[in-house]
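Comments concern the structure below.
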Amino acid sequence: MTARKLGVSAALVGDALLPGDVEVDDDRVTRVGLPPAAGSRIASPGFLDLQVNGFAGIDVMAADVDELDALGRALGRHGVTAWLPTLITAPPDAVQRALVRLGRVTAPDRRRPVGVAQPVGIHLEGPFLSPRRLGTHPPEYRRDPDASLLGRWRALAPVVAVTLAPELPGSLDLVAELAREGVLVSLGHSDATATQAHAAFDAGARSVTHLFNAMSPLHHRAPGLPGAALARQDVVVQMVVDGHHLDGDVVRTAWAAARDRVVLVTDATAAAGRGDGSFTLAGVPVTVSGGAVRNAQGALAGSALTLDAGVRNAVALGVDLVSALRAVTSTPARLLGRLDLGVIEPGARADLVVLEEDLTVRETVIGGHRVGEGSGVGDLA
């Protein structure tokens, strides 16, 4: 592959927009800070989405290997170069089958088609959740923490993140065990008090799943899980900024409290990247109307959000551009311990997104290949 410039006037390098163009050769970034191209396009590290249940009509729980590749290619068109396939609470045999398929897709020796966003592990969002804060998770498959079951599931695929409710019996022991083994523990679907949340953070939990949604509320005398998370400098808060999950003032308030600790996620379902209509979320029927995904009871059930739209939404609410971009690049990468992701620097893998002045995606590059470029098998991702 011949070295080429991206044609940008600035790039997110470290914690600032560095004026100048970026050069890519083969699958690596070779130079930054070159003479800037005309116009106002900028380059960002490729986006990393930590919570993807589905996308472009494809449900992760039921998807086969080819469909997962198609999902990854569709994510790439929205700037995503790496992602966590997310499995919600479901029949144990369905979870097991999905993990077997995901184990094939994430195998380190697998050669995947070019231009496909890389799944960098699996996120289990359940079944160890509060019966009072289940949202769309089917109650019949919810259970209290079971280290043996989780161990069997982890043997099938690289589970790198687990969402659980810390107030359940056995949760703190499981949090500590997972933290020792390098698994990201995120608290969510929880009715925890602030005291219970702090105990879990002290045991090794490091994040909160879709802040404010499906959790105990923030009250000035009972701060609950959100209050505990926002008060701690060692906890990252994940937010779905789609105009439905959170009011704009709540987004601004949370960002002010946790500016360098925010990760934007989509919690995307098969509806994302599609219009209104009917879809499924791990077998649960959901309906999209006006961009909101809801279950039969009318409650929110994931989202139809794309991550590039999440960035634009945050900026429209007053979040500065660098902070919004870090929330989909370096911050989630550090949360996973993946220092090879979310950066633009000489020698780094060429996973990049070129944004127009209005922050729409002009071009996504994955491993040096433009998304949509060819259909054959490329280098190991």
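Predicted model only: the values in this text are computed from it and were never measured. Counting from 1, the numbers follow the sequence of the chain as shown.
Checking side-chain atoms of Asn313 against main-chain N and O of Val241 turns up a donor-acceptor pair under 3.5 Å. At least one donor-acceptor pair closer than 3.5 Å links the side chain of Arg252 to the backbone N or O of Leu317. Formation of a donor-acceptor pair under 3.5 Å by the Asp59 side chain with backbone atoms of Ala282 is found in this model. When atom types are taken as modelled, the side chain of Thr329 and the backbone of Ala327 share no donor-acceptor pair closer than 3.5 angstrom. No donor-acceptor distance shorter than 3.5 angstrom exists from the side chain of Glu181 to the backbone of Leu178, with no hydrogens or angles considered. Ser9 places a side-chain N or O within donor-acceptor distance of the main-chain N or O of Arg41, the cut-off being under 3.5 Å. Judged purely by atom type and a 3.5 angstrom limit, Ser186 uses its side chain to pair as donor or acceptor with the backbone of Thr209. A donor-acceptor pair is defined here as one N or O able to donate and one able to accept, closer than 3.5 Å; such a pair exists between the side chain of Asn295 and the backbone of Gly298. The backbone N or O of Asp351 lies less than 3.5 Å from no partner atom in the side chain of Thr81, so there is not a single donor-acceptor pair. Without hydrogens or angle criteria, Arg31 side chain to Glu345 main chain gives no donor-acceptor distance under 3.5 Å.
The two residues Leu34 and Val22 make their nearest non-hydrogen contact at CD1-C, 4.4 Å. Residue Val114 comes nearest to Arg73 through the heavy atom pair O-NH2, 3.6 Å, listed as atom of the first residue, atom of the second, then distance. The minimum heavy-atom distance between Val29 and Val32, with the atom names listed, is CG1-CG1, 4.1 Å. Looking at every heavy atom in both residues, Ala258 comes nearest to Val237 through CB-CG2, 4.1 Å. The two atoms that bring Ala82 and Ala117 nearest to each other are N-CB, 4.2 Å, heavy atoms only. Closest approach of Met215 to Pro226, counting heavy atoms only: SD-CD, 3.8 Å.
For residues 148-207, the set of pairs meeting the ring-ring contact (aromatic ring centres under 6.0 Å, His included) definition, not counting sequence neighbours, comprises His137-His189, His189-His210. Residue pairs meeting the salt bridge (charged side-chain N to carboxylate O under 4.0 Å, His left out) criterion with at least one member in residues 161-178: none, sequence neighbours excluded. The stretch residues 273-301 participates, sequence neighbours left out, in no salt bridge (charged side-chain N to carboxylate O under 4.0 Å, His left out) pair at all. Counting only residues at least two apart or in different chains, ring-ring contact (aromatic ring centres under 6.0 Å, His included) contacts with residues 71-97 comprise Phe55-His78. Among residues at least two apart or in separate chains, there is no ring-ring contact (aromatic ring centres under 6.0 Å, His included) pair with a member in residues 238-275. Screening residues 299-323 for salt bridge (charged side-chain N to carboxylate O under 4.0 Å, His left out), with sequence neighbours left out, gives Arg259-Asp320, Asp308-Arg312.
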Query raised in the report: What do the steps show when you test Arg4 against Asp26 for salt bridge (Lys or Arg N to Asp or Glu O under 4.0 Å), and what is the final call?
Result: CA-CA 9 Å; Arg4 71 178 182 94; Asp26 196 17; over 6 Å; no
Query - Glu23/Thr30 under side-chain hydrogen bond (donor to acceptor under 3.5 Å, both in side chains): CA gap, chis, key distance, verdict - result: CA-CA 6 Å; Glu23 181 185 77; Thr30 49; 2.7 Å; yes
**Report entry** Step-by-step side-chain hydrogen bond (donor to acceptor under 3.5 Å, both in side chains) determination, Ser303 to Asp267
**Finding:** CA-CA 6 Å; Ser303 85; Asp267 197 11; over 6 Å; no
Report task. Could you walk me through whether Arg349 and Asp340 pass salt bridge (Lys or Arg N to Asp or Glu O under 4.0 Å), step by step? Result -> CA-CA 7 Å; Arg349 179 180 159 89; Asp340 58 320; over 6 Å; no
Query raised in the report: Would Arg143 and Asp146 satisfy salt bridge (Lys or Arg N to Asp or Glu O under 4.0 Å), going step by step from the backbone distance to the final call?
Result: CA-CA 8 Å; Arg143 59 193 303 165; Asp146 183 336; 3.1 Å; yes
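A continuous path of Ile, Leu, Val, Met, Phe, Trp and Tyr side chains, each step under 4.5 Å between heavy atoms, connects Leu102 with Val100, placing both in one hydrophobic cluster. Side-chain heavy atoms closer than 4.5 Å link hydrophobic residues (I, L, V, M, F, W, Y) into clusters, and following such links, even through other members, never connects Leu264 to Leu184.
Between Asp144 and Phe128 there is no side-chain heavy-atom pair separated by less than 4.5 Å. Side-chain contact between Val328 and Leu48 is absent, with no heavy atoms from C-beta onward closer than 4.5 Å. The shortest distance between side-chain heavy atoms of Val65 and Arg110 falls below 4.5 Å. With contacts defined as side-chain heavy-atom distances shorter than 4.5 Å, the pair Leu84/Ile122 does not qualify. Proximity of Leu335 to Arg206: side-chain heavy atoms (C-beta onward) are separated by under 4.5 Å at one or more points. Taking 4.5 Å as the limit, some side-chain heavy atom of Leu325 sits within range of a side-chain heavy atom of Val311.
Using modelled atom types, one finds a donor on one side chain and an acceptor on the other under 3.5 Å when comparing Gln238 with Ser207. Judged purely by distance below 3.5 Å, without hydrogens or angles, the side chains of Asp191 and Ser216 never pair a donor atom with an acceptor atom. Ser190 and Ser130 share no donor-acceptor pair across their side chains, judged by distance under 3.5 Å alone.
Within a 6.0 Å sphere centred on CZ of Arg362, heavy atoms belonging to other residues, nucleotides or ligands number 12 at most.
Using a 4.0 Å cut-off between charged side-chain N and carboxylate O, Asp109 and Arg111 make no salt bridge.
Applying the side chain to side chain contact (heavy atoms under 4.5 Å, CB included) test between Phe212 and each of Val251, Val240, Leu230 identifies Leu230 as the sole match.
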